[in-house]
Number of protein chains: 2
Amino acid sequence: MNSQLKRGTLELCVLSILARRDCYGYELVNAISESMHITEGTIYPLLKRLKDDGNITSYLVESTEGPPRKYYKITNNGLLKTKELEGQWIQFYRSINKILGITEKGE
Amino acid sequence: MNSQLKRGTLELCVLSILARRDCYGYELVNAISESMHITEGTIYPLLKRLKDDGNITSYLVESTEGPPRKYYKITNNGLLKTKELEGQWIQFYRSINKILGITEKGE
DNA sequence: CATTGTACCTTGTAATGCAAGGTACTTTGT
DNA sequence: ACAAAGTACCTTGCATTACAAGGTACAATG
């Protein structure tokens, strides 16, 4: 899939998933890669950016299946950010569909 | 609007508009900027890339309202490219909406 | 004891939106 | 005659970010 399309939306996807439940990085890679191609080289730097900006926090949990997992939890700021980005996304994809002449009446 | 979101879609927007009618660059800027913020610094390099790749051709038309206009016309390759990108776009935005839990039943 | 799966991370490259700056023509106002 | 505003073209340089590639480390399996 066109990698340029993903810019700006992966951040929203990660935040949106973390808004529903805590996840560790590797889990996010697997969850999102069901819908589109992504790799760890994309997710880990993104998680670092989100943490540096105060949108998520992390905590370690030991695992019996391998190395310890670093779980991420969304913050209040992160929730606000999620709502903001979601609004931008909806407005954006509707604009594109309008230009393309695509109408969404049902599935 | 989030500039990262636009990556990869502006190309499709321009191609899609040119698939319907010939346009000159400044006209495209005005047409697209009705739906989202873009500037000439984005469109002109994009048109050059599309032309270099053989997706569009151009021809000059004199104007009584200012300098001559450079009209762009889509090629057969460009039409194929448009269909390909449109398919990618539809698949993409539906994937995102699925991850976000957004359903499009009607407007 | 080598391989596979899980799980973390970093470096370097390529792509591209856009602010900023530049050229040139036509019309309008003073 | 001259300035300003609108039309129309173009380029340079910066910031952002997806991802391939490469690295570390632990547990289970053959």
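Residue numbers start from 1 in every chain, and the chains themselves are labelled A, B, ... in the order their sequence lines are given, proteins ahead of strands.
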Query raised in the report: When you measure from the side chain of T39(B), which nucleotide among dA8(D), dA18(D), dA19(C) comes out closest?
Result: dA19(C)

Report task. Indicate whether OP1 or OP2 belonging to dC9(D) is found under 4.0 Å from a side-chain N or O atom of Y24(B). Result -> no

Query raised in the report: Angle class for the Y59(B)/Y71(B) ring planes (parallel below 30°, perpendicular above 60°, tilted otherwise)?
Result: parallel

**Report entry** Side-chain donor/acceptor contact of R7(B) with base of dT17(D) under 3.5 Å
**Finding:** no

**Report entry** Any Y44(A) side-chain nitrogen or oxygen under 4.0 Å from OP1 or OP2 of dC8(C)
**Finding:** yes

Requested in this report: Give one of base, sugar-phosphate or nothing for I38(B), where a contact means two heavy atoms less than 4.0 Å apart.
Outcome: sugar-phosphate

Report summary line: Regarding the side chain of Y72(B), the nearest nucleotide among dC10(D), dT11(D), dC19(D) is dC10(D)

Query - Partner residues of T39(B) under the side chain to side chain contact (heavy atoms under 4.5 Å, CB included) criterion, sequence neighbours left out - result: H37(B), T42(B)

Query raised in the report: Does R69(B) put a side-chain nitrogen or oxygen below 4.0 Å from OP1 or OP2 of dT26(C)?
Result: no

Query raised in the report: Which nucleotide in the list dG17(C), dA19(C), dT7(D) gets nearest to the side chain of Y26(B)?
Result: dT7(D)

Query - Sugar-phosphate only, base, or nothing, as touched by T42(A) at under 4.0 Å among non-hydrogen atoms - result: base

Requested in this report: Name the nucleic acid region contacted by E27(A), choosing base, sugar-phosphate or nothing; use a 4.0 angstrom heavy-atom cut-off, strictly under.
Outcome: nothing

**Report entry** Residue K70(B), side-chain atoms from C-beta onward, closest of dC18(C), dC10(D), dC19(D)
**Finding:** dC10(D)

Query raised in the report: Can you find a side chain N or O atom of K48(B) that sits less than 4.0 Å from OP1 or OP2 on dC9(D)?
Result: no

